[in-house]
Amino acid sequence: MITASQVNELRGMTGAGMMDCKRALEEANGDMKKASDILREKGIAKAAKKEGRIAAEGFIDSYVHGNGSFASLVEFNTETDFAAKNEELRTFAHNVNMQIVACRPICVNIADVPAEKIAEEKAIYRAQLLNEGKPEAIVDKIVEGKINKYFEEVVLMEQTYIKDPDGKKKVKDVLTDLVAKIGEKITIRRFTLMVMGEGLTKRNDDFAAEVAAQMNQK
């Protein structure tokens with residue numbers, strides 16, 4: 001028999017509705033982890049059904065780090081203004097901004113990675129593996145694995161979510177959970193990372209040598 005305390009515990013873990021938690025626990029025979037997995041799988045299915053919807057509302061969230069050396073802007077799109085004001089989504093948006101500053105992704109989705117960049121990375125990995133003496137028959141398979149790892153490093157949605165205590169969920173997993181919970185399509189459209197002084201030519205003068213030169217001229 002599923003107890004109210006079990007239902008409440010699962011609700012606290014997942015944020016799902018009471019009846020959904022009860023049904024998941026019954027299906028899992030009281031196993032809390034299995035019930036949580038069931039809810040997550042159902043949430044993914046719900047989120048997938050919303051992919052075709054139009055999300056034209058939303059907001060832009062910003063974050064400035066520390067002394068102003070780094071800043072990030074992220075545009076989130078939702079179906080309604082109501083969802084855009086959701087506190088949990090706003091918290092997620094702020095965390096995503098911090099993720100961008102900390103992990104420096106180059107784009108939102110894998111599809112956004114330039115084809116020439118992927119080809120360049122593959123060529124580098126392939127040359128390295130061949131130089132290491134790896135058999136050519138398995139090189140391509142290893143390269144694909146390395147490219148997937150590369151995506152996990154530079155693609156925002158593929159990165160491990162910095163606020164996940166277990167370090168298992170990716171940004172896209174947390175977003176999927178939010179879509180299922182809020183009940184609307186939510187997308188991260190784009191982001192901008194600004195680094196103070198990036199691209200500027202900085203002086204590398206030897207200050208001590210400059211002072212000594214000035215003194216010798218007197």
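Here the structure is a predicted model, which is why all the values come from computation and not from measurement.
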Counting only pairs under 3.5 Å, give me each side-chain donor-acceptor contact of residues 110-117, with atom names and distances, residues two or more places apart or in other chains.
{"residue": "D112", "atom": "OD2", "partner": "N109", "partner atom": "N", "Å": "2.9"}
{"residue": "K117", "atom": "NZ", "partner": "E121", "partner atom": "OE2", "Å": "3.2"}

Could you pull out all donor-acceptor pairs under 3.5 Å where a side-chain atom in residues 134-141 meets a protein atom, sequence neighbours excluded?
{"residue": "K134", "atom": "NZ", "partner": "E132", "partner atom": "OE1", "Å": "3.4"}
{"residue": "E136", "atom": "OE2", "partner": "R126", "partner atom": "NH2", "Å": "2.7"}
{"residue": "D140", "atom": "OD1", "partner": "R126", "partner atom": "NH1", "Å": "2.5"}

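The heavy-atom pair separating M196 from G68 by the smallest distance is CB-O, 4.2 Å. The shortest heavy-atom contact between S62 and N97 is N-ND2, 3.5 Å. The two atoms that bring A84 and R90 nearest to each other are O-NE, 2.8 Å, heavy atoms only. S72 approaches V101 most closely through the heavy-atom pair CB-CG2, 3.8 Å. V108 approaches R189 most closely through the heavy-atom pair CG2-O, 4.0 Å. Across every non-hydrogen atom of I162 and M98, the tightest pair is CD1-C, 4.0 Å.
For the atom pair L178 CG and N86 CG, the distance stands at 7.0 Å (nearest 0.5 Å). A distance of 5.0 Å separates CG in L89 from CD1 in I182, rounded to the nearest 0.5 Å. Residue Q6 holds its CD atom at 6.0 Å from CG of L25, rounded to the nearest 0.5 Å. With rounding to the nearest 0.5 Å, the separation of CG in L193 from CD1 in I106 is 12.0 Å. With rounding to the nearest 0.5 angstrom, the CD atom of E144 is 4.0 Å from the NZ atom of K122. The CD atom of Q128 sits 12.0 Å away from atom CD1 of I142, with the distance rounded to the nearest 0.5 Å.
Sorted by first and then second residue, the ring-ring contact (aromatic ring centres under 6.0 Å, His included) pairs involving residues 133-186 (not counting sequence neighbours) are F92-Y161.
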Inset, instruction - Start with the C-alpha gap between E26 and K22, add the side-chain angles, then the distance that decides, and say whether salt bridge (Lys or Arg N to Asp or Glu O under 4.0 Å) holds. - result: CA-CA 6 Å; E26 287 172 346; K22 186 174 185 296; 2.6 Å; yes

Legend entry - Residues V174, K163; criterion side chain to side chain contact (heavy atoms under 4.5 Å, CB included); working and verdict: CA-CA 10 Å; V174 182; K163 289 290 185 175; over 6 Å; no

Inset, instruction - Quick one: do D31 and N29 satisfy side chain to side chain contact (heavy atoms under 4.5 Å, CB included)? Show the steps, please. - result: CA-CA 6 Å; D31 186 312; N29 294 318; 5.9 Å; no

Legend entry - Steps toward side chain to side chain contact (heavy atoms under 4.5 Å, CB included) verdict (E152, T160): CA-CA 7 Å; E152 290 176 359; T160 301; over 6 Å; no

Legend entry - Intermediate values then yes/no, side chain to side chain contact (heavy atoms under 4.5 Å, CB included), I100 and L156: CA-CA 7 Å; I100 290 166; L156 176 63; 4.0 Å; yes

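At a threshold of 4.5 Å between non-hydrogen side-chain atoms, the residues F191 and V96 do not count as touching. The shortest distance between side-chain heavy atoms of M157 and K170 does not fall below 4.5 Å. Side-chain contact between F76 and T187 is absent, with no heavy atoms from C-beta onward closer than 4.5 Å.
By the criterion of side-chain heavy atoms lying less than 4.5 angstrom apart, applied directly or through intervening Ile, Leu, Val, Met, Phe, Trp or Tyr residues, I124 is not grouped with L130; the two fall into different hydrophobic clusters. Hydrophobic clustering (side-chain heavy atoms under 4.5 Å, transitive across Ile, Leu, Val, Met, Phe, Trp, Tyr) groups V154 together with I118.
Partners of D173 by salt bridge (Lys or Arg N to Asp or Glu O under 4.0 Å), not counting sequence neighbours, listed by chain and number: R40. Every residue was checked against the ring-ring contact (aromatic ring centres under 6.0 Å, His included) condition with F82, not counting sequence neighbours, and none meets it.
A salt bridge does not link K149 to E153: none of the charged side-chain nitrogens sits closer than 4.0 Å to a carboxylate oxygen.
Panel note: side chain R190, backbone C107; no donor-acceptor pair is recorded below 3.5 Å. At distances below 3.5 Å, at least one donor-acceptor pair connects side-chain atoms of T176 with backbone N or O atoms of K172. Within the 3.5 Å criterion, the main-chain N or O of E79 finds a donor-acceptor partner in the side chain of E184.
Within the hydrophobic cluster formed by Ile, Leu, Val, Met, Phe, Trp and Tyr side chains joined at under 4.5 Å, directly or through other members, L73 is accompanied by I60, M194.
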